[in-house]
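By convention in this document, chain letters (A, B, ...) are assigned in the order of the sequence lines, proteins followed by strands, and residues within each chain are numbered from 1.
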2 protein chains.
Amino acid sequence: MGTLTETRGYAIGQMSKRTGVNIETIRYYERIGVMPAPDRTAGGNRQYNHDQLKRLHFVRRSRELGFSLGEIRALLEMADRKDFTCGEVHEMTIGHLASVKEKIANLKKLERALSGMAAECSRGDVPECPILDTLFEPG
Amino acid sequence: MGTLTETRGYAIGQMSKRTGVNIETIRYYERIGVMPAPDRTAGGNRQYNHDQLKRLHFVRRSRELGFSLGEIRALLEMADRKDFTCGEVHEMTIGHLASVKEKIANLKKLERALSGMAAECSRGDVPECPILDTLFEPG
DNA sequence: TCTTGCATCTATAGTCGCTACAGATCGTAT
DNA sequence: ATACGATCTGTAGCGACTATAGATGCAAGA
């Protein structure tokens with residue numbers, strides 16, 4: 001039965017496979033306090049429970065969305081204490097969205113600059129290149 | 001006259017002001033071999049020449065365009081040896097451009113996901129939030 | 001029961017690109 | 001001569017992991 005599996009919990013490798021988070025990274029999350037210290041087997045191996053699995057999913061999904069571990073810690077602390085409001089979470093999300101938009105804008109500038117440089121390049125076999133020339137310019 | 005200034009070279013602070021690169025960062029570039037070890041005054045202060053100023057400009061502009069220090073080192077080595085061709089530089093630029101485009105695409109995905117989550121949020125004073133719910137989901 | 005062999009353990013160092021100290025010395029203007 | 005800012009070295013910290021070494025744990029087969 002699944003019940004037995006549940007009471008035994010998940011080994012770190014199981015957690016890794018289920019969430020896609022690297023084993024080393026899971027231990028790292030524990031070290032920095034993003035994940036709690038789990039139970040241990042008699043021999044000292046980590047044994048996670050279902051809540052901890054959900055928590056690790058949360059961390060991974062948030063990281064994928066570009067939240068920093070600091071932001072994730074803040075979100076998790078609110079969720080742990082249950083003292084958050086939906087408005088607070090919304091605010092954090094909007095703030096993060098703004099920084100994502102800014103990053104996109106900056107990268108688009110880069111994209112234009114790189115395309116421009118590449119377009120002016122003859123791609124020839126010659127040892128002179130407008131790209132390098134541009135980069136050596138002071139302005 | 002400017003000639004005197006030129007023979008004396010630039011102190012690290014001058015380099016920093018002219019290029020916008022932090023003093024600590026200039027020393028860091030020297031440590032990792034991106035910038036050469038400059039001459040020193042009798043007392044041991046760094047004295048840069050005009051070529052080194054140009055080189056630092058190159059590094060800064062390339063960093064602004066998102067090239068890694070590894071890529072910059074490669075470009076500089078080619079330029080130093082003068083054994084590069086325009087086509088090689090073009091190739092590196094195009095490769096970098098591709099990774100910039102990829103980053104933009106990924107960030108746009110994030111942007112959509114974050115906007116979607118924020119839109120479903122009531123922003124209320126209630127301690128329940130569809131954003132957190134979404135993040136806790138396994139999928 | 002023993003052995004094989006993968007999984008996991010701890011601790012430490014490395015990555016990238018800086019940035020921030022502390023405490024000493026240099027250089028220059030008055 | 002002195003004051004003061006600039007620069008010096010060396011080291012440690014950041015964020016978010018990743019990699020390694022060497023020692024164990026654990027489960028399954030003979």
key: First-last contacting nucleotides on DNA chain D - partner chain A, under 4.0 angstrom, heavy atom   =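 The protein-touched segment is D/dA16 to D/dC26.
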Around [X], counting heavy atoms of other residues, nucleotides and ligands shown, do more than 12 lie under 6.0 Å from its [atom1]?
{"X": "A/Glu77", "atom1": "CD", "result": "yes"}
{"X": "A/Glu64", "atom1": "CD", "result": "yes"}
{"X": "A/Arg73", "atom1": "CZ", "result": "yes"}

message = What contact category does A/Ile23 fall into here, base, sugar-phosphate, or nothing, at under 4.0 angstrom with non-hydrogen atoms?
response =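 Contact class for A/Ile23: sugar-phosphate only.
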query = Which parts of residues 67-76 of chain B get close to DNA chain D, meaning a heavy atom less than 4.0 angstrom away?
reply =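 Those residues whose heavy atoms fall under 4.0 Å from DNA chain D, taken from residues 67-76 of chain B, amount to none.
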request  = Provide, to the nearest angstrom, the distance between the CD atom belonging to A/Gln14 and the P atom belonging to C/dC6.
outcome  =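 Rounding to the nearest Å, CD of A/Gln14 and P of C/dC6 are 17 Å apart.
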query = Atom CD of B/Glu30 and atom P of C/dG17: how far apart are they, to the nearest Å?
reply =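 Atom-to-atom, B/Glu30 to C/dG17, this comes out as 18 Å.
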Going by the rule side-chain hydrogen bond (donor to acceptor under 3.5 Å, both in side chains), which residues pair with [X] if we only count those two or more places apart in sequence or in a different chain?
{"X": "A/Asp80", "answer": "A/Arg55"}
{"X": "A/Asp51", "answer": "none"}
{"X": "B/Asp83", "answer": "B/Arg81"}

Locate the shortest heavy-atom distance separating [X] from [Y]; write the atom from each residue and the value.
{"X": "A/Ile131", "Y": "A/Ala118", "value": "CD1-CA, 4.3 Å"}
{"X": "A/Ile104", "Y": "B/Leu107", "value": "CG1-CB, 3.5 Å"}
{"X": "B/Arg18", "Y": "B/His57", "value": "O-CE1, 3.4 Å"}
{"X": "B/Leu114", "Y": "A/Val100", "value": "CD1-CG2, 4.0 Å"}

key: Pairing residues for A/Glu120 by the salt bridge (Lys or Arg N to Asp or Glu O under 4.0 Å) criterion, not counting sequence neighbours   =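 Once residues adjacent in sequence are excluded, A/Glu120 has no partner under the salt bridge (Lys or Arg N to Asp or Glu O under 4.0 Å) criterion.
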request  = Please collect all side-chain hydrogen bond (donor to acceptor under 3.5 Å, both in side chains) contacts where either partner lies in residues 21-41 of chain A, sequence neighbours excluded, each pair once.
outcome  =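 side-chain hydrogen bond (donor to acceptor under 3.5 Å, both in side chains) check on residues 21-41 of chain A returns A/Glu30-A/Arg46.
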task = Determine which pairs satisfy side-chain hydrogen bond (donor to acceptor under 3.5 Å, both in side chains) with at least one residue from residues 97-106 of chain B, sequence neighbours left out, and list them in order.
result =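 Pairs touching residues 97-106 of chain B that pass the test: A/Glu111-B/Lys101.
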ask   = Taking B/Tyr10 as the fixed residue, which of B/Gln52, B/Gln47, B/His50 is the one that meets the side-chain hydrogen bond (donor to acceptor under 3.5 Å, both in side chains) rule?
value =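 Looking at B/Gln52, B/Gln47, B/His50, the match for B/Tyr10 under the side-chain hydrogen bond (donor to acceptor under 3.5 Å, both in side chains) is B/His50.
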Axis deviation across the helix from C/dT1-D/dA30 to C/dT30-D/dA1, five-pair ends, to the nearest 10° =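 That helix has its two terminal axes inclined by roughly 20°.
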request  = Report the residues that fulfil side chain to side chain contact (heavy atoms under 4.5 Å, CB included) with A/Ala79, sequence neighbours left out, ordered by chain and then residue number.
outcome  =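 Applying side chain to side chain contact (heavy atoms under 4.5 Å, CB included) to A/Ala79 gives B/Leu132, B/Phe136.
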Write out a two-atom table: protein N or O, nucleotide N or O from nucleotides 27-30 of chain C, distance below 3.5 Å.
residue: C/dG27; atom: OP1; partner: B/Thr41; partner atom: OG1; Å: 2.5
residue: C/dG27; atom: OP1; partner: B/Gly43; partner atom: N; Å: 3.4

Shorter than 3.5 Å, N or O on both sides, protein versus nucleotides 19-23 of chain C: list them out with atom names.
residue: C/dT19; atom: OP2; partner: B/Thr25; partner atom: OG1; Å: 3.1

ask   = So, is B/Arg46 near the phosphate of C/dC26, with a side-chain N or O under 4.0 Å from OP1 or OP2?
value =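 Answer no for this pair, as no side-chain N or O of B/Arg46 is under 4.0 Å from OP1 or OP2.
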